[in-house]
J.: 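Pasting in a structure now, in structure tokens, and then I'll have a few things to ask.
Throughout, protein chains are lettered first and strands after them, A, B, ... in sequence-line order, and every chain is numbered starting at 1. Note that the structure is a prediction, hence the values are computed from the model and not measured.
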Protein chains: 2
Amino acid sequence: MRTRTTIKDVAEAAGVGVATVSRVLSGGSASPQTRERVLAAAAQLDYRPSALGRNLRRRSTGGIGLLIPDVTDSFYGRVADGVLACARAAGEPVIVGATGDDPEDESELIGMLLEQGVERVVAVPSGEAEPWRPATRAGLTVVFAGRRVAGVDDVPAVLADERSGVRTAVEYLIGLGHRRVAYLGGHGHGQRTAAFRDTLTALGVTVDEELIAFGRATRDSAYAAASGLFQHRPDLTALVAAGNLLGEAAVLAARELDLRVPKDISLIMFDDVPWAELCAPPLTVIAPPARDIGYRAAELVLRGASPRGRAVRLPTELIVRGSCGPRR
Amino acid sequence: MRTRTTIKDVAEAAGVGVATVSRVLSGGSASPQTRERVLAAAAQLDYRPSALGRNLRRRSTGGIGLLIPDVTDSFYGRVADGVLACARAAGEPVIVGATGDDPEDESELIGMLLEQGVERVVAVPSGEAEPWRPATRAGLTVVFAGRRVAGVDDVPAVLADERSGVRTAVEYLIGLGHRRVAYLGGHGHGQRTAAFRDTLTALGVTVDEELIAFGRATRDSAYAAASGLFQHRPDLTALVAAGNLLGEAAVLAARELDLRVPKDISLIMFDDVPWAELCAPPLTVIAPPARDIGYRAAELVLRGASPRGRAVRLPTELIVRGSCGPRR
DNA sequence: AAACATGATGGAATCGTTTCCATGAGGACG
DNA sequence: CGTCCTCATGGAAACGATTCCATCATGTTT
């Protein structure tokens with residue numbers, strides 16, 4: 001098979017040197033007629049500069065790396081969508097890796113990105129600081145999205161305003177008369193959990209630790225946690241689910257135990273997903289701007305985010321549908 | 001900042017030539033003690049060979065490209081997950097692009113991949129043949145996933161067995177006594193639509209073209225199509241939705257029009273999604289093995305799929321939940 | 001008109017790897 | 001003991017772009 005056309009071919013065809021071709025193509029100075037000739041030759045030969053050569057010279061792949069726990073989860077999918085959209089607008093390729101929220105896999109994937117010469121990364125971090133040491137040491141520009149990592153303070157982050165979102169949710173439930181409000185959290189929801197506790201105390205409701213449960217990042221584990229909560233404490237009248245997987249589990253468990261929503265129990269979920277509207281009744285949610293988070297993070301990383309950048313917090317939105325009612 | 005350590009540094013530290021280092025690291029022949037020394041030096045310097053240099057030399061990025069319409073859609077998300085899993089097992093990076101099912105964007109993204117030196121691509125194609133011409137001309141190894149393209153026959157594909165899946169669905173509904181069965185299709189569902197028609201005629205039910213409607217790939221459009229169908233033909237008793245977006249629209253529209261499922265209308269959807277179980281009643285579906293499709297496609301492309309490969313069809317599964325009942 | 005500034009241009013170095021090829025050492029065999 | 005073969009080894013040439021720097025032509029200033 002014929003080899004792809006290189007800058008040398010174009011130079012030859014246009015009767016100029018390779019340096020001139022490079023200059024013309026990257027907007028450097030050149031006389032009008034030379035520029036004309038080069039452009040014509042390039043077009044005629046259907047020349048596309050190879051990123052390979054350029055990358056080697058520049059000692060970096062232009063693109064951006066994206067590390068998320070799971071492409072399949074609606075929230076991370078939307079974050080990824082935002083990153084992809086921004087990168088595409090900038091003409092940058094995106095290398096994606098799924099970490100499964102496992103620090104080890106995360107570490108390996110970071111290594112892979114380093115090897116590829118990627119120097120800009122957007123990540124929803126697993127939570128461990130360790131995997132990120134080599135990254136910052138190697139001079140990577142990293143922006144965290146949706147979460148941050150304790151102990152990695154020199155990395156800017158784009159987050160949902162979880163505190164305020166959760167506060168709104170809790171206030172809403174308390175306003176509806178609920179007093180025994182449960183919380184179902186998962187991995188990476190430290191902020192939300194803290195906000196839940198704080199808001200309750202701020203409203204003068206003592207925190208009942210038994211009403212706070214956690215599931216791991218699988219459907220089964222989340223379901224077990226939700227079901228356990230409902231059965232162990234039948235007196236609870238409302239529940240805040242800290243993520244879409246947890247919310248799904250809560251809906252399922254409630255149905256399984258014949259708890260009517262919202263009559264027997266009020267449900268509110270952090271994260272908005274398509275199915276929230278399909279539920280019966282439709283789920284009331286705190287919607288984080290997942291796509292925007294991804295987009296903004298990508299913007300930041302492309303702009304070469306200042307290492308000492310602070311966190312950007314994007315507002316969430318309370319979307320009242322039908323899953324919360326007055327205390328029974 | 002110190003520059004990253006190169007093969008030259010390792011060679012120097014080990015007191016050997018760069019060729020030897022390269023050989024040792026890529027499993028070539030070398031004397032035991034030399035190998036030892038090189039390995040030690042490499043470990044000590046924390047050397048990682050740069051993919052940049054290698055790629056240039058090899059004239060190709062090792063990785064694989066992945067083009068899907070929308071990361072956010074559950075089906076494509078699962079396909080992507082499968083591809084990512086397989087690529088990770090093989091240690092290959094994946095460059096992802098979202099085409100939005102737009103041939104123009106698709107074409108641009110293919111160009112981007114070409115430029116990056118990617119030579120293996122898994123894609124859920126938009127349906128146009130044109131964007132793929134430059135790809136095959138440039139010698140790309142392409143594998144289609146989930147769909148194929150009319151007129152691009154030299155590209156192998158990994159598909160769900162849609163014919164058989166849709167046939168099962170229709171037979172199920174007919175078996176339940178339904179005669180006026182509607183179909184709600186979308187972009188890229190040619191196979192499903194054909195199978196729908198064929199099965200009806202095979203079962204001796206005349207196809208009522210008015211009961212076949214299409215939505216574009218947006219929620220609004222799908223909803224409009226579903227709602228229109230229900231209102232225009234209140235006599236229909238069952239509906240097959242050809243994809244998860246269409247199914248979502250059907251559920252929503254049915255609820256809006258106070259049609260009870262499955263009493264007034266039976267619903268069956270092609271594609272299984274988490275929310276299918278959350279619906280009230282839970283949705284009966286034809287589940288395609290989306291993740292497997294992605295995984296197999298990636299396997300194929302990594303194995304350097306034979307250009308004249310035929311299509312692989314993976315079986316679907318009918319999952320009976322609660323959205324289909326006997327004809328009213 | 002000489003000296004100088006300006007701008008276009010091409011040659012060559014460079015990036016970090018892999019791989020071809022030549023070299024040399026050492027063992028086997030006649 | 002000489003010849004040949006094998007094998008480890010290192011130098012150097014790719015790969016395809018960018019970019020430094022020297023060169024040369026042109027126009028400007030004194």
Side-chain angles (χ1 to χ4, degrees), chain A residues 1-39 41-42 45-63 91 93 114-119 138-139, chain B residues 1-39 41-42 45-63 93 112 114-119 138-139:
Chain A
M1 212 205 71
R2 67 248 154 269
T3 122
R4 62 182 288 167
T5 73
T6 77
I7 198 174
K8 224 168 152 185
D9 302 326
V10 178
E12 215 159 301
V16 300
V18 291
T20 304
V21 176
S22 175
R23 244 176 272 126
V24 168
L25 261 31
S26 48
S29 69
S31 75
Q33 69 266 31
T34 313
R35 150 164 283 117
E36 183 79 12
R37 280 224 312 284
V38 170
L39 257 23
L45 292 174
D46 189 27
Y47 169 68
R48 319 182 60 94
S50 155
L52 266 35
R54 176 176 343 151
N55 290 347
L56 178 55
R57 179 64 219 240
R58 295 247 181 92
R59 310 157 92 155
S60 104
T61 295
L114 244 25
E115 202 164 302
Q116 293 297 321
V118 171
E119 42 178 33
Chain B
M1 210 205 69
R2 67 243 153 273
T3 116
R4 63 182 288 167
T5 73
T6 77
I7 198 174
K8 224 167 154 185
D9 301 327
V10 178
E12 215 160 300
V16 300
V18 290
T20 304
V21 176
S22 175
R23 244 175 272 128
V24 168
L25 261 30
S26 49
S29 71
S31 76
Q33 68 264 35
T34 312
R35 152 164 282 116
E36 183 79 12
R37 281 224 310 285
V38 170
L39 257 24
L45 293 174
D46 189 27
Y47 169 67
R48 319 181 60 93
S50 154
L52 265 35
R54 178 181 358 196
N55 291 346
L56 177 55
R57 178 64 218 239
R58 295 247 181 94
R59 310 157 91 152
S60 104
T61 296
M112 187 264 279
L114 245 26
E115 202 164 302
Q116 293 297 321
V118 170
E119 42 178 33

J.: Could you list all the side chain to side chain donor-acceptor pair (under 3.5 Å) pairs where at least one residue sits in residues 25-35 of chain A, not counting sequence neighbours?
T.: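 Listed by first then second residue: A/S31-A/T34.
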J.: Just how large is the angle between the end axes of the helix from C/dA1-D/dT30 to C/dG30-D/dC1, five pairs per end, to 10 degrees?
T.: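 Comparing the first five pairs with the last five, the axes sit 50° apart.
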J.: Pull out every protein N or O sitting under 3.5 Å from an N or O of nucleotides 23-26 of chain C, one pair per line with the distance.
T.:
none

J.: Can you list, pair by pair, the side-chain donor-acceptor contacts under 3.5 Å of residues 48-60 of chain A, counting residues two or more places apart and other chains?
T.:
residue	atom	partner	partner atom	Å
A/R48	NH2	B/G111	O	3.4
A/R48	NH2	B/E115	OE1	3.1
A/S50	OG	A/L52	N	3.0
A/N55	ND2	A/A51	O	3.1
A/S60	OG	A/E119	OE2	3.3

J.: Taking side-chain hydrogen bond (donor to acceptor under 3.5 Å, both in side chains) as the test, write out the residues that go with A/T5, two or more places apart.
T.: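 For A/T5, no residue satisfies side-chain hydrogen bond (donor to acceptor under 3.5 Å, both in side chains) once neighbours in sequence are set aside.
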J.: Name all residues meeting the side chain to side chain contact (heavy atoms under 4.5 Å, CB included) criterion together with A/L25; count only those two or more places apart in sequence or in a different chain, and write none if there are none.
T.: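 Applying side chain to side chain contact (heavy atoms under 4.5 Å, CB included) to A/L25 gives A/V21, A/V38, A/L39, A/Y47.
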J.: Tell me whether A/T61 contacts the main-chain N or O of A/G63 through its side chain, where contact means a donor paired with an acceptor under 3.5 Å.
T.: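 No, the answer is negative, given that no donor and acceptor are paired below the 3.5 Å cut-off.
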J.: From the 5' end of DNA chain D to its 3' end, which nucleotides mark the outer limits of contact with chain A, defined by a 4.0 Å heavy-atom distance cut-off (strictly under)?
T.: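 Nucleotide range in contact with chain A: D/dG16 to D/dT19.
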J.: Treat primed atoms plus P, OP1 and OP2 as sugar-phosphate and everything else as base, then score nucleotides 8-16 of chain C 5' to 3': B for base contact with protein heavy atoms under 4.0 Å, S for sugar-phosphate contact only, - for none.
T.: SBBBBBBBB
J.: Can you see which heavy atom on A/A41 is nearest to which on A/A14, and at what distance?
T.: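 Of all heavy-atom pairs spanning A/A41 and A/A14, the closest is CB-CB, 3.9 Å.
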J.: Tell me every residue that passes side chain to side chain contact (heavy atoms under 4.5 Å, CB included) with A/A19, counting only those two or more places apart in sequence or in another chain.
T.: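 Scan of A/A19 (side chain to side chain contact (heavy atoms under 4.5 Å, CB included), adjacent residues dropped) gives A/R23.
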J.: Rounded at 0.5 Å granularity, tell me how far OG1 in A/T6 sits from CG in A/L45.
T.: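 Taking OG1 in A/T6 and CG in A/L45, the distance rounds to 9.5 Å.
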